[in-house]
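The block underneath contains the structure these notes are about, expressed in structure tokens.
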Number of protein chains: 2
Amino acid sequence: MGLGSEAGKNKRHRDRETGTLGKLVSLLDFVALADGPMRFTDILSLSDQPRGTLHRQLSHLVEEGLLEVDRDGRYRIGLRLLTLASRSWARNEFRAIAEPHLHRLQEVTGETVHLGVLRGAEVIYLDKVEGQQSVRMYSQVGNASPAYCTGVGKAALSVLDDAELTERISGLEYRPYTEHTLRSPSELLSDISQIRARGYAFDLEEHENGICCVAAPIRSDDGHMLAGVSVTGPAYRVTQQRLQAWAPRVVVAADSIMMDMRNRMGPKR
Amino acid sequence: MGLGSEAGKNKRHRDRETGTLGKLVSLLDFVALADGPMRFTDILSLSDQPRGTLHRQLSHLVEEGLLEVDRDGRYRIGLRLLTLASRSWARNEFRAIAEPHLHRLQEVTGETVHLGVLRGAEVIYLDKVEGQQSVRMYSQVGNASPAYCTGVGKAALSVLDDAELTERISGLEYRPYTEHTLRSPSELLSDISQIRARGYAFDLEEHENGICCVAAPIRSDDGHMLAGVSVTGPAYRVTQQRLQAWAPRVVVAADSIMMDMRNRMGPKR
DNA sequence: AAATTACGTTCCGAATAATGGAACTTTTCA
DNA sequence: TGAAAAGTTCCATTATTCGGAACGTAATTT
């Protein structure tokens with residue numbers, strides 16, 4: 001499945017998925033990614049399925065509450081997905097362990113704090129604690145962003161060994177979100193070697209113009225779970241000096257989360 | 001599928017769902033509802049599936065990112081669900097239209113504001129705007145609660161005609177969450193007739209001890225989408241007088257949301 | 001208003017995927 | 001180390017999905 005397809009609005013839905021579930025989830029994804037609710041024909045024209053097949057697939061998804069269809073025949077994502085996701089989010093151990101530390105970090109800095117985990121070459125934000133006077137950012141819980149242009153992502157990548165790092169960041173499309181976005185593996189590798197040296201990462205308007213952050217890595221004992229914490233704010237308020245000053249705090253928060261994980265989830269993980 | 005099964009911890013997973021998708025989603029739901037991550041054998045013992053079948057089903061769910069399995073063989077909900085849900089939440093028209101009104105209401109009252117939609121006899125919370133000094137409540141976006149014991153739920157029910165109302169609230173289990181929870185259809189109907197008369201609903205510690213709210217209904221022009229807005233807070237701070245005083249504001253917010261829907265989504269809906 | 005077209009739904013033989021018992025491998029524990 | 005439990009793979013059987021075509025219905029045109 002081709003991810004990172006925020007550009008590919010008119011992407012056709014013809015992933016050749018294996019298995020019944022794969023096809024249906026891919027269809028679900030397709031409807032979820034669309035700009036708005038789609039009518040049957042809209043989906044059909046972007047799909048390689050015959051009418052009958054598509055109709056039955058959509059019906060099944062609706063039957064399970066994964067999709068909803070209004071009286072105008074427009075399909076959109078169903079609320080069951082939201083319920084399912086929220087329940088699992090609330091019970092997520094890692095998030096729960098990290099939460100108090102995120103709040104503490106938020107209070108100390110006054111800016112927005114993020115918790116994200118690395119999945120492949122993407123960061124998925126697991127939690128977010130906003131400051132009072134927070135500027136609206138294009139970020140939210142559950143949002144997936146490329147690792148190479150986010151503080152949390154680069155921090156998490158930095159703890160990988162060279163072999164796996166190279167594997168993960170090769171074959172990516174280095175989309176220039178801003179003029180500061182890193183544009184190649186070599187630029188990323190060079191940044192990461194700095195991150196390794198100092199123990200924390202910066203994002204200086206690399207993902208979104210006017211937004212900066214400082215982030216520190218978190219990893220489970222077995223090294224199989226990679227994550228990061230960050231403090232983020234608007235560039236006019238969050239100068240590089242302030243980021244620098246916060247860095248030790250962010251690292252302490254990350255380390256505390258790791259300690260708590262060790263204690264609460266058993267050591268050999 | 002029996003919802004509201006917070007009591008049914010040891011519920012077996014043997015819904016006889018129809019179709020491949022139904023079985024898999026039911027399994028997904030089962031794992032999501034569990035108290036914590038489950039190992040293969042745990043699921044097997046609570047399932048009526050043969051080992052081979054269950055193993056393959058779980059593998060398929062993992063393959064699609066709907067479940068994740070750690071090195072100890074423990075299954076939990078995958079992050080893909082969170083990503084999918086968050087994306088659709090962000091793009092939800094209704095939520096987006098309501099958002100500014102929710103914030104305004106929050107600022108006026110200083111307390112937490114909820115937006116919820118009615119699905120059957122349950123309310124699913126679509127959005128929540130917290131006050132600064134907010135007490136942690138058992139409520140969150142995506143959470144599903146029985147309509148009969150929540151302000152939003154009762155408000156939404158109140159705009160139904162008697163026939164559909166009776167149909168929806170019959171056959172429910174009236175679980176007494178607190179000593180103030182309504183315990184029967186007749187109690188609910190009597191409350192609802194009052195709500196109809198005054199145009200807004202109260203929840204006086206009916207769902208959670210120490211939590212009160214006032215709520216007003218929202219419905220689309222065709223009456224097929226029922227929802228509600230509420231202002232919620234701790235009983236020691238939120239007296240019945242204050243609720244009463246806020247009621248007109250809540251009703252105005254609800255009506256404004258309806259107006260905006262009419263304008264933004266076309267009238268005949 | 002009648003005819004036409006587009007849209008959505010249902011049907012059923014053929015093709016495909018899921019089932020589940022058993023054999024097999026790996027891990028755990030005494 | 002041996003034995004039991006846990007987890008995985010295999011494959012003939014069974015059930016489900018596929019998809020073309022026929023059918024009904026609403027929107028549009030003449």
Side-chain angles (χ1 to χ4, degrees), chain A residues 1 12-31 34 36-64 66-76 78 221-222 224 265-269, chain B residues 12-31 34 36-76 78 222 224 266-269:
Chain A
M1 289 275 290
R12 288 179 70 85
H13 164 61
R14 54 172 142 76
D15 311 276
R16 38 181 150 19
E17 292 284 347
T18 75
T20 308
L21 180 67
K23 291 169 200 161
L24 289 177
V25 172
S26 157
L27 178 56
L28 186 63
D29 216 39
F30 180 70
V31 175
M38 301 178 83
R39 307 195 53 188
F40 180 80
T41 319
D42 303 333
I43 304 174
L44 181 63
S45 66
L46 292 169
S47 151
D48 288 344
Q49 305 281 313
R51 280 215 300 282
T53 302
L54 183 65
H55 186 265
R56 183 177 29 73
Q57 290 175 335
L58 289 170
S59 303
H60 282 163
L61 289 170
V62 169
E63 218 167 290
E64 294 304 324
L66 301 176
L67 285 182
E68 286 175 10
V69 54
D70 60 27
R71 54 180 36 208
D72 301 342
R74 299 187 310 186
Y75 291 85
R76 66 193 73 197
D221 287 3
D222 61 7
H224 271 254
M265 318 211 309
K268 218 192 73 193
R269 312 189 40 75
Chain B
R12 286 179 69 86
H13 164 60
R14 54 172 141 76
D15 312 274
R16 37 182 151 17
E17 294 282 347
T18 76
T20 307
L21 181 65
K23 292 169 201 160
L24 289 177
V25 172
S26 157
L27 179 56
L28 187 62
D29 217 39
F30 179 72
V31 175
M38 302 179 82
R39 308 195 48 193
F40 180 80
T41 320
D42 303 333
I43 303 174
L44 181 63
S45 65
L46 293 170
S47 152
D48 288 343
Q49 304 283 310
R51 280 214 300 285
T53 301
L54 182 65
H55 186 264
R56 185 178 29 72
Q57 289 175 334
L58 289 170
S59 302
H60 282 162
L61 288 170
V62 168
E63 217 167 290
E64 294 302 325
L66 269 30
L67 286 182
E68 287 175 10
V69 52
D70 61 26
R71 55 180 36 209
D72 300 342
R74 300 187 310 185
Y75 291 84
R76 66 193 72 197
D222 62 5
H224 271 256
K268 221 192 71 194
R269 313 188 40 75

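In what follows, chains carry the letters A, B, and so on, assigned in the order in which the sequence lines appear, proteins first and then strands, with residues in each chain numbered from 1.
- The CZ atom of B:F40 sits 7 Å away from the C1' atom of D:dG7 (whole-angstrom rounding).
- When the side-chain contact (heavy atoms from CB on, under 4.5 Å) test is applied to A:T53, the partners found at least two apart in sequence or on another chain are A:Q49, A:P50, A:R56, A:Q57.
- With sequence neighbours left out, the ring pair (Phe, Tyr, Trp, His ring centres under 6.0 Å) criterion links B:Y75 to no other residue.
- Under the ring pair (Phe, Tyr, Trp, His ring centres under 6.0 Å) criterion, A:H60 pairs with no residue at all, not counting sequence neighbours.
- Atom CZ of A:R71 and atom P of D:dT25 are 18 Å apart (whole Å).
- Using a 4.0 Å heavy-atom criterion, one finds that B:G73 contacts no nucleic acid atom at all.
- Separation of atoms CG (B:L21) and OG (A:S59) is listed at 11.5 Å; rounding is to 0.5 Å.
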Write out a two-atom table: protein N or O, nucleotide N or O from nucleotides 18-20 of chain D, distance below 3.5 Å.
unit_1, atom_1, unit_2, atom_2, d
D:dC18, OP1, A:Q57, NE2, 3.3
D:dC18, OP2, A:R56, NH1, 2.4
D:dC18, OP2, A:R56, NH2, 2.8
D:dG19, N7, A:T53, OG1, 3.3

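- Between the axis at the start and the axis at the end of the helix from C:dA1-D:dT30 to C:dA30-D:dT1 there is an angle of 40°, using five pairs per end and rounding to 10 degrees.
- Under the side chain to side chain contact (heavy atoms under 4.5 Å, CB included) test applied with B:L58, the options B:L24, B:L44, B:L67, B:L28 reduce to a single match, B:L67.
- Minimum interatomic distance between B:G22 and A:E64 (heavy atoms only, all atoms of both residues): CA-OE2, 3.3 Å.
- To the nearest angstrom, C1' of D:dA6 lies 10 Å from NE2 of B:H55.
- Rounding to the nearest 0.5 angstrom, the gap separating the CG atom in B:D70 from the CZ atom in B:R39 is 9.0 Å.
- Rounded to whole angstrom, the span from the NE2 atom of B:H60 across to the P atom of D:dT17 amounts to 14 Å.
- For DNA chain C, the outermost nucleotides in 5' to 3' order that have an atom under 4.0 Å from a heavy atom of chain A are C:dC7 to C:dA18.
- Considering all non-hydrogen atoms of both residues, A:F40 and A:R51 come closest at CZ-O, 3.7 Å.
- Atom CE of B:M38 is separated from atom OG of B:S45 by 6.5 Å, given to the nearest 0.5 angstrom.
- Listed by chain and residue number, nothing satisfies the side-chain hydrogen bond (donor to acceptor under 3.5 Å, both in side chains) test with A:E63 (two or more places apart in sequence, or in another chain).
- Salt bridge absent: B:D42 and B:R74 never bring a charged side-chain N and a carboxylate O closer than 4.0 Å.
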